[in-house]
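Accompanying notes for the structure given below.
Every heavy atom of this structure was used, including side-chain atoms; hydrogens, water molecules and symmetry mates were not. If you read the sequence from its start, that first residue is 1, and numbering goes on from there.
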Amino acid sequence: MNRKRIIKHTIALIVILLLTAVVEILCFNGNAVFDESYSHKYSASGRNGYQFEKSETDEYIIYSMDTQGEYIDKFYMTYQSEDSFSYTVSLLQYESITDGANGTEENNIIKISDKATGNLERAVTHINQRADKVLVRISKEDIDEEVKPSISSFVLSNSIQINPYRVVFIFVSIFIGYVILFMRRTVVEHPEYTFFAIAISMGTMIIILSPVKFKSWDEEIHFNRAYSITFSDNVEYTQSTYNMYSMNIPDVNTMEERDLIADYLQEKNYEITMVKEKTSDFVDYSKRAYLPQAFGLKLGRTVGLPFLQTIWLGKFFNLLVYSLIFSLSVKYAKFGKRALLCVGLLPTSLFLASTYSYDAFVTAFLMLGLVMIFNELVDRESELNWKCITVGVFAMILGSFSKAVYIPLLLLLCFVPKEKFKNRRQRKFFVLTVILIFLIMMSSFVLPALGNVVGNIDTGGDSRGGNTSVTRQIMYILGAPVAYAKLLLETMGNSIGEYFLGYRSRTFFGYMGGNGENLYLLSVVLTIFVTITGENKIRLNRRMKIITGIILTGVAALIWTALYLDFTPVGADVINGVQPRYYIPLMFPVMLLFSSGKIKCEMNELRYNRIVLLTNLVILSGCIYSLILLPFCS
């Protein structure tokens with residue numbers, strides 16, 4: 001990098017830092033800058049501050065404070081209570097509207113409900129409103145009369161308060177935007193670098209900003225599996241680890257409460273409260289996807305990181321593997337690079353990569369395997385690249401360890417053009433090897449289930465209970481194959497649009513909800529745009545599109561059937577448990593199926609890549625801000 005470029009990027013970095021500071025101070029602290037900055041403390045005695053009034057009704061304990069129309073940014077409550085309790089902050093705004101007949105003023109009342117966590121001694125609520133009077137109501141139904149919470153003080157504040165979480169998020173978002181706009185070589189020649197920068201930075205933001213309590217699908221189960229791998233003998237749980245695993249962590253919605261929870265967990269992380277016996281050090285094949293997360297947890301514990309940062313490190317290594325493997329897919333793809341960018345940077349894809357989950361590991365390795373396979377399918381002139389094929393096969397196997405329903409994608413190798421082989425004998429050996437690997441992988445979950453059916457052993461099903469049984473469900477399907485086939489086809493047909501293009505597979509962040517409006521629509525528009533314009537030179541021929549479509553349909557059928565066996569009551573006329581995120585690994589090949597090359601985009605490569613990358617960045621940043629930062633880190 002020459003001197004001029006270094007100076008240019010240094011100046012840009014300084015400008016971005018200044019812009020971040022301006023946005024944080026003027027946009028998020030503007031009321032404190034341009035209005036009166038204050039922090040008023042209200043107590044029962046009124047000593048060294050203001051006094052609150054306390055009263056009781058049959059239903060509520062009520063605290064009232066006069067605020068004289070001031071703007072209130074944050075509300076703080078200091079208390080003593082062993083149990084958690086809910087409270088409501090009511091903001092009374094006196095309007096200058098008078099009822100002429102009665103001579104009374106009308107009041108506008110805004111109510112904000114929140115919860116105080118037992119033993120934390122402090123609760124914080126983001127208000128962001130003006131009020132002439134503030135009432136705090138605690139319902140007597142939610143508290144034990146014998147151990148009522150003891151409220152010592154309230155603080156109403158409108159002071160300049162720099163939110164470090166928000167500052168980092170703003171800086172990272174602007175900086176990545178700068179990289180896309182002004183680093184031409186990275187965007188055009190090495191889109192995999194840009195992908196990695198976006199994925200690792202935005203994923204890290206998801207990790208840091210997400211609530212301490214797990215919010216992804218079954219994340220506590222995935223965390224426990226990864227945590228168990230870090231021990232060679234017995235698995236030791238501290239109180240903090242057990243609280244995470246048992247989901248005994250309170251929901252908080254401000255940065256102050258997050259810090260209180262982190263401190264509390266750190267205090268409880270020194271005593272062992274539970275020990276589980278571990279029968280073997282062998283990591284089951286279906287759990288190999290947890291190894292990166294386990295490595296992060298082990299590393300954090302070994303170097304003595306604080307508890308919360310150790311939890312983050314486990315998530316980060318999951319994100320790191322996802323970002324690296326997906327970047328390799330983008331780098332080595334001979335076609336479909338932009339489709340890969342769109343799938344890899346989907347908010348839901350990146351969210352899964354930034355949590356405890358095996359989905360990201362599965363998706364990343366499947367994408368690498370598919371890229372290596374499709375490279376050979378479309379390149380009919382060169383000889384078979386055995387190194388790429390080997391990498392592709394191993395990637396498909398690794399990606400299918402945790403979810404073997406995806407292994408039929410490996411059968412695409414059976415259709416590699418015959419001219420790429422030296423002779424018919426070599427081609428036959430190759431196809432038989434692929435089929436053998438496929439059968440071995442399928443047998444990992446098919447043979448045990450069929451063996452139980454033959455032996456009439458009632459096993460499998462949802463561990464949470466209900467009338468579920470893999471054995472009895474298979475027997476039902478074998479007894480009524482036509483009825484099940486009809487149910488399967490109807491279910492798949494009715495859900496295909498929602499599962500491929502619906503917001504729950506695109507802009508959805510688990511139990512934090514999703515964005516089903518503008519950001520979701522932008523994601524769909526981008527996907528369609530890239531699909532119909534992205535591949536004008538190299539693409540799958542009609543024969544391979546038909547074959548790929550058949551295999552994808554088979555994979556989808558396996559997904560639905562696996563969930564019918566495990567999570568659906570025996571003989572039910574519905575299929576339970578299938579979620580749109582299971583279709584994410586299929587999105588890349590589906591986009592290739594609909595790429596016809598008939599619609600040509602005259603845009604140059606730099607501008608095209610910038611549009612794709614910037615749009616993905618906007619969608620990601622918008623989802624992170626609206627679904628995580630604003631509701632949980634204000």
Side-chain angles (χ1 to χ4, degrees), residues 329 333-336 339-340 343 359 362-380 384 388-389 391-418 420 427-428 430-446 485 488-489 491-493 495-497 499-501 505 531 535 538-564 575 578 580-596:
S329 302
K334 294 181 179 179
F335 72 118
L340 282 168
V343 174
D359 293 81
V362 169
T363 301
F365 278 97
L366 287 178
M367 290 305 102
L368 180 60
L370 285 171
V371 163
M372 296 302 178
I373 292 173
F374 281 129
N375 282 349
E376 297 302 315
L377 291 176
V378 298
D379 186 2
R380 307 179 71 90
L384 197 66
C388 289
I389 288 294
V391 170
V393 170
F394 275 104
M396 295 294 289
I397 293 173
L398 284 173
S400 300
F401 270 155
S402 297
K403 284 189 176 180
V405 292
Y406 295 112
I407 198 60
L409 293 171
L410 187 67
L411 293 177
L412 288 167
L413 282 173
C414 295
F415 303 94
V416 171
K418 60 182 180 181
K420 296 178 73 70
R427 183 172 182 272
K428 277 188 177 182
F430 178 80
V431 172
L432 287 174
T433 303
V434 170
I435 294 174
L436 180 62
I437 294 172
F438 163 74
L439 292 175
I440 292 173
M441 292 295 296
M442 285 292 291
S443 67
S444 64
F445 73 97
V446 172
L488 179 64
L489 293 175
T491 306
M492 289 173 56
S495 63
I496 188 168
Y499 279 46
F500 275 117
L501 291 176
S505 62
T531 300
E535 302 302 334
I538 305 176
R539 58 186 180 274
L540 296 175
N541 59 34
R542 182 177 297 179
R543 173 176 173 271
M544 276 315 305
K545 284 186 177 182
I546 293 173
I547 292 170
T548 303
I550 293 172
I551 292 176
L552 290 176
T553 303
V555 171
L558 279 177
I559 292 172
W560 286 94
T561 300
L563 274 295
Y564 188 70
I575 301 179
V578 179
R581 59 191 169 99
Y582 299 156
Y583 275 44
I584 291 177
L586 308 182
M587 288 184 179
F588 170 61
V590 166
M591 291 177 72
L592 298 184
L593 291 184
F594 288 92
S595 177
S596 66

Is there a side-chain contact between Leu488 and Tyr564 in this structure, where contact means two heavy atoms from C-beta onward sitting under 4.5 Å apart? no
How long is the straight-line distance from CG of Leu411 back to OG1 of Thr548, given to the nearest 0.5 Å? 11.5 Å
Minimum heavy-atom distance between Ser402 and Val362, given as atom pair plus value: CB-CG2, 4.1 Å
Which heavy-atom pair separates Val416 from Phe430 by the least distance, and what is that distance? CG2-CE2, 4.3 Å
Check whether any side-chain heavy atom of Leu413 lies under 4.5 Å from a side-chain heavy atom of Glu376, and answer yes or no. no
Without swapping roles, check the side chain of Lys334 against the backbone of Phe374 for a donor-acceptor pair under 3.5 Å. no
Min side-chain heavy-atom separation Met396-Phe365 under 4.5 Å: no
Roughly how far, to the nearest 0.5 Å, is the CG atom of Leu409 from the CG atom of Leu552? 6.0 Å
At their closest point, which heavy atom of Leu340 faces which heavy atom of Ala333, and how far apart are they? CD1-CB, 3.8 Å
Closest non-hydrogen atoms of Tyr583 and Ala556, given as atom of the first, atom of the second and distance, are OH-CB, 3.8 Å
Distance col, row Leu412:CG vs Ile551:CD1, nearest 0.5 angstrom, shows 4.0 Å
Between atom OG1 of Thr433 and atom CD1 of Ile389, what is the distance when rounded to the nearest 0.5 Å? 12.0 Å
On a heavy-atom basis, the closest approach of Ala404 and Met442 is O-SD, 4.3 Å
Cut-off 3.5 Å, no hydrogens considered: what does the side-chain donor-acceptor table look like for residues 366-373, sequence neighbours left out?
none

Is there a side-chain contact between Met492 and Thr553 (heavy atoms, below 4.5 Å)? yes
Salt bridge (charged side-chain N to carboxylate O under 4.0 Å, His left out) partners of residues 407-416, not counting sequence neighbours, each pair once: none
Short question: side chain of Ser505, backbone of Arg581 - any donor-acceptor pair under 3.5 Å? no
Side chains of Phe594 and Lys545 in contact at under 4.5 Å (non-hydrogen atoms): no
Sidechain-backbone polar pair: Tyr406 side chain, Ile559 backbone, donor-acceptor under 3.5 Å: no
May I ask you to decide if Ile440's main-chain N or O and Ser443's side chain share a donor-acceptor pair within less than 3.5 Å? yes
Taking the six-membered ring for Trp, are Tyr499 and Trp560 ring centroids under 6.0 Å apart? yes
Check: Ile435 and Cys414 side chains under 4.5 Å, non-hydrogen atoms: yes
Flag the pair Tyr582 / Leu563 as yes when at least one side-chain heavy-atom distance between them is below 4.5 Å, and no otherwise. yes
Could you report the tightest heavy-atom contact between Leu558 and Pro408, atom names first, then the distance? CD1-CG, 3.5 Å
Heavy-atom side-chain contact between Val555 and Ile407 under 4.5 Å: no
Roughly how far apart are Thr531 OG1 and Met587 CE, rounded to 0.5 Å? 10.5 Å
Ile496, CD1 atom: more than 12 neighbouring heavy atoms under 6.0 Å: no
Which residues pass the salt bridge (Lys or Arg N to Asp or Glu O under 4.0 Å) test with Lys403, sequence neighbours left out? Asp359
